[in-house]
Number of protein chains: 2
Amino acid sequence: MTREREIVDRCEVSCIHEDKVKEVRQRMLEEEAAQSLAQLFKALGDTTRVKLLFALMQQELCVCDLAAVIGLSESAVSHQLRLLRHQKLVRFRREGKVLYYSLADKHVERLFGQGFEHVTE
Amino acid sequence: MTREREIVDRCEVSCIHEDKVKEVRQRMLEEEAAQSLAQLFKALGDTTRVKLLFALMQQELCVCDLAAVIGLSESAVSHQLRLLRHQKLVRFRREGKVLYYSLADKHVERLFGQGFEHVTE
DNA sequence: CAAACATATGAATAGTTGTTCAGATATTAT
DNA sequence: ATAATATCTGAACAACTATTCATATGTTTG
């Protein structure tokens with residue numbers, strides 16, 4: 001047995017199902033899409049932000065109220081709201097000095113709904 | 001004006017809408033529930049895991065295939081699969097030495113669906 | 001305009017997370 | 001039993017993230 005043959009043999013010793021891998025790879029989602037999706041879920045994947053969104057599911061609230069509801073500094077809340085804003089999960093309207101935040105659309109509620117179902121089953 | 005009244009007054013100097021805060025707090029979700037939900041979304045909030053789940057949406061695959069599909073070491077994939085397993089997002093069956101992973105249930109697909117809608121709109 | 005207030009932001013820091021590497025299990029074949 | 005293979009696991013390290021603190025911005029009121 002030559003040295004080359006040995007190497008080839010070693011490479012073939014693998015559990016990969018080439019056909020499956022090829023097929024799945026072709027229908028795989030783009031790197032960018034995967035990242036966007038991950039970022040969306042990442043935005044939902046934090047206890048503080050879950051609480052913020054849950055509170056906003058009930059009614060629109062200002063930063064100050066949100067801070068009081070979840071028991072965190074207004075600064076911390078503001079930072080997190082920015083993140084949620086960038087993911088278009090919340091929006092806000094200004095009334096004088098006060099900014100009232102609310103959920104951006106129905107997607108968030110549905111995502112939460114699905115999440116709840118999964119967690120509480 | 002008594003001393004007590006003074007203190008109350010001072011506390012009122014704030015943007016907090018006490019009534020709203022009280023109401024929302026009462027209907028607030030438990031700390032534990034918030035954490036579970038956050039953990040679920042956190043599990044979905046990573047590019048590698050998004051790819052893994054997307055691949056598994058197409059068909060069941062072994063660790064080795066998954067590693068080949070997304071171009072990462074088997075060890076890294078295994079670590080991530082464990083996380084997904086703990087969140088009950090994937091399950092597996094053994095066939096000899098090989099473990100075939102697949103999505104745990106329909107929740108994941110629906111969550112992904114909702115996520116996609118949000119990201120690609 | 002200046003003071004007061006609600007919110008936002010930047011920097012710093014502590015805590016968390018993903019990958020790699022080395023080694024451990026578990027299953028099958030010899 | 002031993003060797004080979006597929007997967008798992010623990011430790012370590014780099015990269016990322018959430019909160020805090022100090023300060024800035026923007027809006028109203030006097």
Side-chain angles (χ1 to χ4, degrees), chain A residues 6 9-17 20-21 34-35 38-39 41-53 60-87 90-102, chain B residues 9-17 20-21 34-35 38-53 60-87 90-102:
Chain A
E6 246 183 310
D9 272 353
R10 212 181 291 146
C11 291
E12 273 168 12
V13 175
S14 159
C15 62
I16 294 181
H17 304 80
K20 283 192 189 181
V21 171
Q35 279 176 15
Q39 281 221 305
F41 286 123
K42 208 175 283 186
L44 296 164
D46 173 81
T47 311
T48 295
R49 293 193 292 273
V50 162
K51 287 180 190 166
L52 288 174
L53 292 170
E60 71 168 12
L61 292 162
C62 70
V63 178
C64 185
D65 289 346
L66 284 167
V69 167
I70 71 172
L72 216 60
S73 76
E74 292 168 28
S75 176
V77 168
S78 181
H79 276 297
Q80 300 298 8
L81 285 173
R82 176 165 52 162
L83 211 156
L84 294 173
R85 242 161 41 216
H86 286 147
Q87 288 302 314
V90 302
R91 58 195 169 78
F92 64 92
R93 71 185 176 83
R94 179 182 282 281
E95 196 169 293
K97 289 176 267 192
V98 183
L99 296 181
Y100 290 96
Y101 280 83
S102 55
Chain B
D9 273 354
R10 210 181 293 146
C11 290
E12 273 167 14
V13 176
S14 159
C15 64
I16 294 181
H17 304 79
K20 283 192 188 181
V21 171
Q35 278 175 15
Q39 280 220 305
L40 169 63
F41 287 124
K42 207 175 285 186
L44 295 164
D46 172 79
T47 310
T48 296
R49 293 193 291 272
V50 163
K51 287 179 191 167
L52 287 174
L53 292 170
E60 72 168 11
L61 291 162
C62 69
V63 177
C64 186
D65 289 345
L66 284 167
V69 167
I70 71 172
L72 215 62
S73 75
E74 291 167 29
S75 176
V77 168
S78 181
H79 275 297
Q80 301 299 9
L81 286 172
R82 175 165 51 163
L83 211 156
L84 294 173
R85 241 160 42 215
H86 287 147
Q87 289 302 315
V90 301
R91 57 195 169 78
F92 64 93
R93 71 185 175 82
R94 179 181 281 281
E95 197 168 293
K97 289 175 269 191
V98 182
L99 296 181
Y100 289 95
Y101 280 83
S102 53

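Letters A, B, ... mirror the listed sequences (proteins, then strands); counts begin at 1. For the numbers below, each heavy atom of this structure counts, side chains included, while hydrogens, waters and symmetry mates do not.
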Between D:dG10, C:dT7, D:dT7, which one does the side chain of B:Cys62 approach most closely?
D:dT7
Find the distance A:Gln80:CD to C:dT7:C1' and express it as a whole number of Å.
15 Å
At how many degrees, to 10°, do the end axes of the helix from C:dC1-D:dG30 to C:dT30-D:dA1 meet when each uses five pairs?
20°
Protein-nucleotide distance (B:Leu84, atom CG; D:dC8, atom C1'), rounded to Å:
15 Å
Gap between atoms CG and C1', on B:Leu61 and D:dA6 respectively (whole Å)
15 Å
Residues from residues 45-53 of chain B lying under 4.0 Å of DNA chain C - heavy atoms
B:Asp46, B:Thr48, B:Arg49
Which nucleotide sits closest to the side chain of A:Leu83: D:dC8, C:dA8, D:dA18?
D:dA18
Can you list everything that forms a salt bridge (Lys or Arg N to Asp or Glu O under 4.0 Å) with A:Arg94? Sequence neighbours excluded, please.
none
Side chain to side chain donor-acceptor pair (under 3.5 Å) against B:Gln35, all qualifying residues, sequence neighbours excluded
B:Glu31
Looking only at side-chain N and O atoms, does B:Tyr101 come under 4.0 Å of OP1 or OP2 in D:dA6?
no
With sequence neighbours excluded, what pairs up with A:Arg91 under the side chain to side chain donor-acceptor pair (under 3.5 Å) test?
none
Ring-on-base stacking C:dT9 with A:His79 (under 5.5 Å, under 30°)
yes
Got a sec, which residues hit side-chain contact (heavy atoms from CB on, under 4.5 Å) with B:Val98, two or more places apart in sequence or on another chain?
B:Cys62, B:Tyr100
For A:Phe92, the option from A:Leu81, A:Val63, A:Leu99 that meets side chain to side chain contact (heavy atoms under 4.5 Å, CB included)
A:Leu99
Pull out every residue in residues 70-78 of chain A that has a heavy atom closer than 4.0 Å to any atom of DNA chain D, ordered by number, or say none.
A:Leu72, A:Ser73, A:Ser75, A:Ala76
Rounded to whole angstrom units, what separation is found between the OH atom of B:Tyr100 and the C1' atom of D:dC8?
18 Å
According to a strict under-4.0 Å criterion, is B:Arg82 in side-chain N/O contact with OP1 or OP2 of C:dG18?
no
Please write out each protein N/O paired with an N/O of nucleotides 25-27 of chain C under 3.5 Å, distance rounded to 0.1 Å.
none

By side chain to side chain donor-acceptor pair (under 3.5 Å), B:Gln39 pairs with (sequence neighbours left out) none
Within this structure, what is the CZ-to-C1' distance between B:Phe41 and C:dT16, rounded to whole angstrom?
20 Å
With sequence neighbours excluded, residues passing side chain to side chain donor-acceptor pair (under 3.5 Å) with A:Glu60:
A:Arg93
Rounding to an integer number of Å, can you tell me how far B:Asp65 CG sits from D:dT7 P?
8 Å
In whole Å, what is the span from the NZ atom of A:Lys42 to the P atom of D:dA15?
15 Å
Pairs of donor and acceptor atoms involving the side chains of residues 41-48 of chain B, under 3.5 Å and at least two apart or interchain, shall be tabulated with distances.
residue	atom	partner	partner atom	Å
B:Asp46	OD2	B:Thr48	N	3.0
B:Asp46	OD2	B:Arg49	N	3.1

Listed by chain and number, what are the ring pair (Phe, Tyr, Trp, His ring centres under 6.0 Å) partners of B:His79, not counting sequence neighbours?
none
